[in-house]
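Here's the structure we're looking at; comments come further down.
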Amino acid sequence: MGIQVIKKTPLLSVIKNSPKTFQLTLLSSLLSSTLFSTAAVSAPNVEEDKMQDKAGKQSVSYPTDPNIDDVITVIGRNINTPLNIAANVNVIDSTDIALSGATTLTDVLRGQSGIQITDSNSGPVFSMRGFSGSQASNNTLILMDGRRLNNIDIAAPSVDAIPLNLVERVEILSGSAGVLYGDQAVGGVINIITRSPEDTGGQVQLLGGTHDTVEGRANVSVNINDDWSVYLAGSQNNSDNYRKHNSNNTGSILGRLQYQTAVDDFFVETSYYDNEQDLPGSLSAEQYQTDPRQAGSVIGWQHEMTNASRSGYRHQLNDIWALSADATYTDSLINSSYTFSTGPSVLQTERSLLELQPKVTASFPTDAGVINLISGVDYHLGDAKYTASYMNRTDDQNMISAYSQVTVPLTSSLSLVTGGRYAYVEDELTDMTAFPEGADLDNDATAFELGLNYRPTNAHRLYVRVETNYRFAKVDEQAYTSPGVYGLKPQTGESYEAGWDWVGVKQTLRVNVYRLDLENEILYDSSAESPSGGYYGANINADPNRRYGASLDWDWQVLSAWQVGLDYNYIDAEFTHGENKGKALPWVAKHTARAFTSVDVTDDLQAFVEAVYHGRQYLQGDFANAGPKLDGYTLTNIALNYTLNDWLGSIRVDNVFNQKYASSGIYQYGADTYYTGSERQLTMSIGYSF
């Protein structure tokens with residue numbers, strides 16, 4: 001079955017027919033750009049080292065202590081340094097990844113920056129700032145080089161499809177980021193930066209481990225001349241995995257061609273991802289206690305094939321202004337099947353998404369420092385089609401938004417960050433159960449930001465930030481609501497946070513406190529009346545809730561060959577209205593922590609040990625806190641890395657003490673179900689760089 005053709009809506013027509021607020025937002029962005037352009041004519045010239053990030057984003061090297069700031073891409077929108085932005089940002093670079101001996105991105109991210117992971121044995125879902133596993137992928141934005149990986153439906157992005165040999169670093173922005181990134185950037189943003197073809201060379205890596213796991217990875221980059229370069233990467237993974245009937249056959253390939261000069265940067269890339277996986281299903285409480293490795297009574301199979309093509313261009317107009325635009329098209333075909341007692345049930349899902357993202361950036365000096373401006377438009381045209389014996393559903397979802405953010409230095413040590421975004425979304429859907437005659441659903445939302453960033457010294461930073469955020473219902477959420485509910489309202493929220501960063505000679509410390517209030521949170525309620533009256537539950541707008549939280553991240557280079565670190569996160573999340581007022585939000589652990597140590601035993605041998613703690617929590621869907629909490633658990637991982645010239649060998653053992661834990665659990669009124677996390681696992685790898 002072919003991919004359904006997306007109905008094209010002309011951009012100017014959308015703007016013309018959109019609400020006045022949207023037109024005013026666009027006008028405001030254009031006026032601010034014109035105003036700054038006029039000011040730039042008479043501004044003095046400042047020598048700044050401006051380079052081009054591989055994703056087409058501007059990079060600026062700031063004149064600060066070289067021991068303090070590293071140039072980073074702030075989640076694919078603009079370039080800055082961790083201590084020069086009013087947000088809590090954590091950067092995991094390639095050295096950190098290599099020292100940990102991690103074999104997947106899940107290994108890298110577990111326990112970092114308060115990330116909680118849910119896995120129903122079909123792939124990880126990452127939650128930030130207190131969202132249950134079923135809602136995590138809708139409220140945490142995942143990017144690769146600034147490109148959205150989140151799907152237009154509730155299916156979680158396939159993060160583990162990105163092999164680690166492709167990753168240069170991972171940037172984690174904790175907290176609301178609705179102005180810069182719009183829809184779904186509620187709990188935080190994770191941006192995965194891939195390697196760029198800067199030098200001719202490459203890597204080859206082979207991995208093997210328990211559960212008959214075998215993986216091969218390779219990448220190569222070639223500089224054609226001073227301006228043109230090409231990069232190719234591929235991987236193949238086969239494993240039986242921890243549970244029975246849970247094997248996978250996963251492959252991916254990526255190619256990128258890049259042109260880069262002092263004023264122009266152009267790239268075009270294409271990738272393909274293919275994952276065929278057996279689904280073991282959920283376990284009853286008795287099955288989980290008896291044998292957590294066994295398959296459930298309902299087993300399945302899934303085959304996902306995703307193509308993605310992307311191109312971007314950036315032009316530096318002068319020392320101050322730059323114009324850029326990205327275009328991305330992805331399409332996926334997912335065939336899945338579950339075997340029930342009544343027989344097999346087959347579902348085919350087709351989805352596609354076209355994204356256009358033009359923007360303008362500017363950086364120009366004043367006596368107090370550099371003013372940074374970014375303004376742009378995000379345009380998304382999505383299409384999804386679901387075909388099964390029990391379902392026939394289509395949804396065209398078109399979304400357009402305009403945003404602008406400016407950072408203004410008030411003094412040499414104090415800066416103001418402010419901005420806004422307006423978004424408009426239109427769903428045209430047909431569902432044989434909920435909307436057999438079809439439905440047109442329109443919604444809009446806004447996000448605003450105000451922050452102060454204070455640097456009394458190069459080593460210290462204090463910041464406060466207030467930001468609103470929003471999330472629109474996904475295509476499959478809109479089509480499965482209770483009778484009488486004609487579309488879900490946009491989820492909206494307000495975020496308040498403050499933090500302190502300190503970077504010393506041998507130690508770094510980050511402290512952050514926050515509050516997040518949500519209204520009309522979109523979630524699945526198993527007790528709600530279903531649209532068909534058959535299968536239980538429906539998607540709803542929940543009662544208001546709030547989250548209080550605090551985080552601490554500390555690293556200490558004790559000796560030149562010895563490093564230790566600690567990451568602790570606290571979340572108090574509960575409903576503030578409705579019948580569950582005062583009840584804790586389910587599947588949110590109040591306490592999580594991570595501690596690690598890394599020791600260079602010799603010049604060639606390095607050892608790494610980490611412990612990741614996940615606290616007690618109620619099962620997903622237990623809004624009334626009627627059931628008991630699941631016990632907390634600690635996962636201990638160790639790794640040994642040996643380097644010999646261009647060779648690198650690694651041995652990593654995950655869950656050393658064979659801790660038994662549930663990676664996902666669902667409350668179902670006495671018939672609770674569980675998915676089990678992997679127990680002890682050994683992985684050995686050998687790699688060669690050339």
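By the 4.5 Å heavy-atom criterion applied to side chains, Arg314 and Leu323 are not counted as neighbours. Counting heavy atoms from C-beta on, the side chains of Gln116 and Gln617 come closer than 4.5 Å. Using a 4.5 Å heavy-atom cutoff, the side chains of Leu559 and Gln557 are not in contact. At least one side-chain heavy atom of Ile117 sits less than 4.5 Å from a side-chain heavy atom of Thr106. Residues Thr140 and Ile190 meet the side-chain proximity criterion, which asks for heavy atoms closer than 4.5 Å. At a threshold of 4.5 Å between non-hydrogen side-chain atoms, the residues Trp554 and Val564 count as touching. Side-chain contact between Tyr613 and Thr636 is absent, with no heavy-atom pair separated by less than 4.5 Å. No side-chain heavy atom of Phe472 sits under 4.5 Å from any side-chain heavy atom of Gln184.
With hydrogens and angles ignored, the 3.5 Å screen pairs a side-chain donor or acceptor of Thr576 with a backbone N or O of Pro544. With hydrogens and angles disregarded, a donor-acceptor distance shorter than 3.5 Å links the side chain of Arg547 to the backbone of Gly130. Without hydrogens or angle criteria, Arg195 side chain to Asn165 main chain gives a donor-acceptor distance under 3.5 Å. Checking side-chain atoms of Thr366 against main-chain N and O of Ala368 turns up a donor-acceptor pair under 3.5 Å. Side-chain N or O atoms of Ser137 include none that pairs as donor or acceptor with a backbone N or O of Val125 at under 3.5 Å.
Using modelled atom types and a 3.5 Å distance limit, the side chains of Asn641 and Ser650 yield a donor-acceptor pair. Side-chain atoms of Gln203 and Asn219 include a donor-acceptor pair closer than 3.5 Å. No donor-acceptor contact under 3.5 angstrom links the side chains of Trp502 and Thr508, judged on distance only. Side chains of Ser495 and Ser176: no donor on one and acceptor on the other come within 3.5 Å. Tyr313 and Asp264 share a donor-acceptor pair across their side chains, judged by distance under 3.5 Å alone. The closest side-chain donor-acceptor pair between Tyr403 and Gln405, if any, does not fall under 3.5 angstrom. Side-chain polar atoms of Asn88 and Asn90 form no donor-acceptor pair below 3.5 angstrom. A donor-acceptor contact closer than 3.5 angstrom is absent between the side chains of Asn372 and Thr407. One side chain, Asn512 or Tyr463, offers a donor N or O that lies under 3.5 Å from an acceptor on the other. Under 3.5 Å, the side chains of Glu521 and Asn545 contain a donor-acceptor pair of N or O atoms. In this model, a donor atom of one side chain and an acceptor atom of the other lie less than 3.5 Å apart for Thr118 and Trp587. For the residue pair Asp444 / Tyr422, a side-chain donor-acceptor distance below 3.5 Å is found, with atom types taken as modelled.
Considering CD of Glu494 and CZ of Arg546, their distance stands at 14.5 Å, rounded to 0.5 Å. In this structure, the separation between CZ on Arg471 and CG on Leu141 is 12.0 Å, given to the nearest 0.5 Å. Atom CG of Asn191 and atom OH of Tyr181 lie 8.0 Å apart (nearest 0.5 Å). The structure places CG of Leu373 at 11.5 Å from CD1 of Ile320, a figure rounded to the nearest 0.5 Å. Separating the CD1 atom in Ile115 from the OG atom in Ser174 is a distance of 7.0 Å, to the nearest 0.5 Å. Expressed to the nearest 0.5 Å, how far CG of Leu166 lies from CE of Met144 amounts to 6.5 Å.
Residues forming a ring pair (Phe, Tyr, Trp, His ring centres under 6.0 Å) with Tyr454 (at least two apart in sequence, or on another chain): none. With sequence neighbours excluded, the residues forming a side-chain hydrogen bond (donor to acceptor under 3.5 Å, both in side chains) with Tyr568 are His591, listed by chain and number. In this view, Tyr231 satisfies the ring pair (Phe, Tyr, Trp, His ring centres under 6.0 Å) rule with no residue, not counting sequence neighbours.
The minimum heavy-atom distance linking Pro157 with Leu149 is given by the pair CB-O, 3.3 Å. Taking each heavy atom of Gly114 and Thr592 in turn, the nearest pair found is CA-OG1, 4.4 Å. The nearest pair of heavy atoms linking Thr634 to Ala611 is CG2-CB, 4.2 Å. Residue Asp378 comes nearest to Gln357 through the heavy atom pair OD1-CG, 3.5 Å, listed as atom of the first residue, atom of the second, then distance. Scanning all heavy atoms of the two residues, the minimum distance from Arg129 to Leu516 falls at O-CD2, 4.4 Å. Between Ala86 and Val417, the shortest heavy-atom distance links the atoms CB-CG2, 4.3 Å.
With respect to Arg169 and Asp93, no salt bridge is recorded, no charged nitrogen being found less than 4.0 Å from a carboxylate O. Look at Arg652 and Glu610 and you find a salt bridge, because one of the NZ, NE, NH1 or NH2 atoms lies within 4.0 Å of a carboxylate O, short of that distance. Ion pairing between a basic and an acidic side chain is recognised when a charged N comes within 4.0 Å of a carboxylate O; Arg515 and Glu497 show no such pairing.
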Begin with the C-alpha distance, continue with both residues' side-chain angles, and end with the deciding distance and a verdict on side chain to side chain contact (heavy atoms under 4.5 Å, CB included) for Arg421 and Phe448. CA-CA 7 Å; Arg421 176 186 285 261; Phe448 300 97; over 6 Å; no
Derivation and outcome, side chain to side chain contact (heavy atoms under 4.5 Å, CB included), residues Leu164 and Leu105: CA-CA 7 Å; Leu164 280 183; Leu105 273 171; 3.8 Å; yes
Verdict with supporting geometry, Gln491 and Asn139, side chain to side chain contact (heavy atoms under 4.5 Å, CB included): CA-CA 10 Å; Gln491 170 187 304; Asn139 292 281; 2.8 Å; yes
Under the side-chain hydrogen bond (donor to acceptor under 3.5 Å, both in side chains) criterion, do Thr597 and Gln563 qualify, and how do the steps go? CA-CA 6 Å; Thr597 182; Gln563 182 184 11; over 6 Å; no
List the steps and the verdict of salt bridge (Lys or Arg N to Asp or Glu O under 4.0 Å) for Arg510 and Asp553. CA-CA 5 Å; Arg510 298 201 319 270; Asp553 189 346; 3.0 Å; yes
If you apply the rule side chain to side chain contact (heavy atoms under 4.5 Å, CB included), what do you find for Arg616 with Lys590, and how did you get there? CA-CA 7 Å; Arg616 302 171 67 229; Lys590 184 170 288 189; over 6 Å; no
